[in-house]
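These values consider heavy atoms only, across backbone and side chains, with no hydrogens, waters or symmetry-generated copies.
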Amino acid sequence: MTRPTYTEIDLAALRHNCHIAQQASPGSKIIAVVKANAYGHGAVTCCHTIQNHVDMFAVSSLQEALLLRTAQITLPILLLEGCFDLPELEAAIQHGFEVVFHHQYQLDMLAKIDTQALASSVRPIRAWLKVDTGMHRLGVPVDDAAKTYAQLQSHPLIAKNPVLMTHLAVSDELRSDYTLMQLRQFQLLLESLPNSEHIPTSIGNSGGMMDWPQCQSDWARPGIMIYGISPFGHNHPVADKLTPVMSLRSKIISLRDVSMGSSVGYGCNWRASKASKIAIVPVGYGDGYPRHAKNGTPVLVNGQRAPLVGRVSMDMLSVDVTDISDVDIGDDVELWGQNLPVNEVAKHADTIGYELITRMTGRAQRIYC
Ligand SMILES: *Cc1c(COP(=O)(O)O)cnc(C)c1O
């Protein structure tokens with residue numbers, strides 16, 4: 001390696017977090033959500049690592065699903081946004097993917113399929129009917145759900161008993177009336193459907209699984225927690241058991257003493273209030289480190305916290321290491337990860353840990369260990 005910047009991906013931690021997810025939802029099957037290249041962790045390697053530890057994978061698109069199949073991932077794969085057009089739906093059925101139906105147009109697509117042509121060569125797939133209980137993003141209205149469920153149920157290419165699913169809008173908040181309302185709507189809908197005892201359900205994402213026993217369902221859909229990151233902005237006993245999978249690491253490539261009043265970096269937006277020692281680290285927004293990170297964002301240098309100073313540039317950032325003992329060129333830097341929670345860094349950049357890990361550009365090489 002030349003440029004000493006990389007993301008270390010701890011695969012044992014990934015497996016560990018899957019077990020914590022299972023413990024958090026003991027009665028549920030686990031769908032590991034690996035969309036967006038496993039939240040920036042590398043979907044193929046992550047899926048190989050946990051395929052014997054979870055029951056299924058979920059991605060956002062046919063393309064993401066095919067990438068996994070091509071890489072010999074054999075577990076069932078769910079397309080969370082369903083299919084975007086008819087050829088894609090046909091392809092999804094041919095490949096045996098499981099498909100979310102979240103809108104009437106997707107049911108209309110299903111009705112247009114040349115069933116006879118496909119029926120001889122494929123097996124029916126499992127459909128997931130997503131209902132909108134309050135997220136107001138995807139999902140058929142609760143009032144239409146009985147009709148659409150029956151439509152799915154009667155289609156020759158759809159297996160019996162589609163899954164009824166919904167998504168929570170504020171599962172990261174404690175004791176939210178809104179979540180209780182969503183859960184109640186879902187329960188009422190379920191009970192109103194014929195043979196409801198045979199209808200499998202799926203409700204919780206990480207926040208729901210970790211904090212809402214009422215949202216236990218047949219299939220849980222953990223994403224962020226399997227990467228070892230808390231969905232919450234507050235402390236939580238389950239979050240304490242998770243281990244961060246991604247650590248963004250680098251090394252110091254330059255050190256300089258600056259006098260009081262000197263500025264550092266583009267725009268001269270930080271000035272030394274006293275004689276200071278500045279370390280340069282070769283990681284920047286070109287790698288995915290947020291340019292919005294403010295002065296004072298914590299950076300770990302030799303395991304000690306030091307403040308980011310000056311603007312983050314494309315390839316580099318600067319850290320005030322005046323108060324760190326024994327600092328030298330080549331010393332280890334952690335930008336976030338096992339010793340510095342990504343959520344803490346995210347707060348200083350006005351975002352959430354989800355975004356920081358997912359937006360890693362791949363320029364910083366992933367090293368699996
Ligand atoms: C992304 C996603 C999840 C996972 O959410 P986390 O908060 O990362 O656990 C679950 N369900 C759906 C429908 C999603 O889109």
I'd like to check the side chain to side chain donor-acceptor pair (under 3.5 Å) partners of [X]; sequence neighbours left out, ordered by chain and number.
X    : result
K294 : D350
D10  : Q338
H53  : H19
N302 : D331

Grouping I, L, V, M, F, W and Y whenever their side-chain heavy atoms are under 4.5 Å apart, do [X] and [Y] come out in a common cluster?
X    : Y    : value
W219 : L138 : no
L300 : M316 : no
V54  : V34  : yes
V333 : V327 : yes
I203 : L180 : yes

Check: [Y] and [X] side chains under 4.5 Å, non-hydrogen atoms:
X    : Y    : answer
L78  : F57  : no
V345 : V299 : no
V99  : W128 : no
I9   : T45  : no
S273 : M260 : no
L152 : L110 : yes
T322 : I278 : no
I113 : L86  : yes

With rounding to the nearest 0.5 Å, note down the distance linking [atom1] in [X] to [atom2] in [Y].
X    : Y    : atom1 : atom2 : answer
N17  : T243 : CG    : OG1   : 5.5 Å
Q106 : D85  : CD    : CG    : 10.5 Å
M109 : F84  : CE    : CZ    : 9.0 Å
T49  : L11  : OG1   : CG    : 4.0 Å
N205 : I224 : CG    : CD1   : 10.5 Å
D177 : R184 : CG    : CZ    : 8.5 Å

Between [X] and [Y], is there a donor-acceptor pair closer than 3.5 Å when you use the side chain of the first and the backbone of the second?
X    : Y    : result
S262 : V258 : no
Y149 : P162 : yes
S171 : L168 : no
Q153 : N161 : yes
S61  : E64  : yes
Y227 : G40  : no
T5   : P282 : yes
H348 : P298 : no

With [X] via side chain to side chain contact (heavy atoms under 4.5 Å, CB included) - residues at least two apart:
X    : value
H292 : A349
T201 : F186, L190, S217, D218
N52  : none
D108 : Q104

Least distance between heavy atoms, [X] atom then [Y] atom:
X    : Y    : value
L62  : A91  : CD2-CB, 3.9 Å
P4   : I253 : CG-CG2, 4.4 Å
M210 : H236 : O-CE1, 3.1 Å
I324 : A306 : CD1-CB, 3.6 Å
L79  : A92  : CD1-CB, 3.9 Å
Q216 : A24  : NE2-O, 3.2 Å

Between [X] and [Y], is any side-chain donor less than 3.5 angstrom from a side-chain acceptor?
X    : Y    : answer
T133 : Q182 : yes
R221 : S202 : yes
E191 : Q187 : yes

### Task
Kindly determine whether I357 and W336 satisfy side chain to side chain contact (heavy atoms under 4.5 Å, CB included), including the steps that lead there.
CA-CA 9 Å; I357 55 171; W336 64 65; 4.2 Å; yes
### Query
In terms of the angle between their ring planes, are H234 and F232 parallel, tilted or perpendicular, with boundaries placed at 30° and 60°?
parallel
### Task
Anything under 30° is parallel, anything over 60° is perpendicular, the rest tilted; go ahead and classify H95 against F97.
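Answer is parallel, since the angle falls under 30°.
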### Query
Excluding sequence neighbours, so at least two apart, what forms salt bridge (charged side-chain N to carboxylate O under 4.0 Å, His left out) with E173?
none
### Query
With sequence neighbours left out, what residues match D287 under salt bridge (charged side-chain N to carboxylate O under 4.0 Å, His left out)?
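Testing D287 for salt bridge (charged side-chain N to carboxylate O under 4.0 Å, His left out), a comparison that skips the adjacent residues, returns R3, R363.
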### Query
Given L67 and V44, is the side chain to side chain contact (heavy atoms under 4.5 Å, CB included) satisfied, shown in steps?
CA-CA 8 Å; L67 188 84; V44 168; 4.3 Å; yes
### Candidate pair M360 and T7, rule side chain to side chain contact (heavy atoms under 4.5 Å, CB included), full reasoning
CA-CA 9 Å; M360 288 307 291; T7 48; 3.7 Å; yes
## Note on the structure
Quick note, salt bridge (charged side-chain N to carboxylate O under 4.0 Å, His left out) partners involving residues 246-266, not counting sequence neighbours, are E8-R249, R249-E334, K251-D332, D257-K277
### Task
Output every pair passing salt bridge (charged side-chain N to carboxylate O under 4.0 Å, His left out) with a member in residues 121-144, not counting sequence neighbours, ordered by first then second residue.
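For residues 121-144: E98-R126.
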### Task
Would you check if the distance from the ring center of H41 to the ring center of Y39 is below 6.0 Å?
no
### Query
Are M225 and M209 close enough, and set up right, to give a side chain to side chain contact (heavy atoms under 4.5 Å, CB included), and what steps lead you there?
CA-CA 10 Å; M225 75 179 297; M209 294 168 68; 4.3 Å; yes
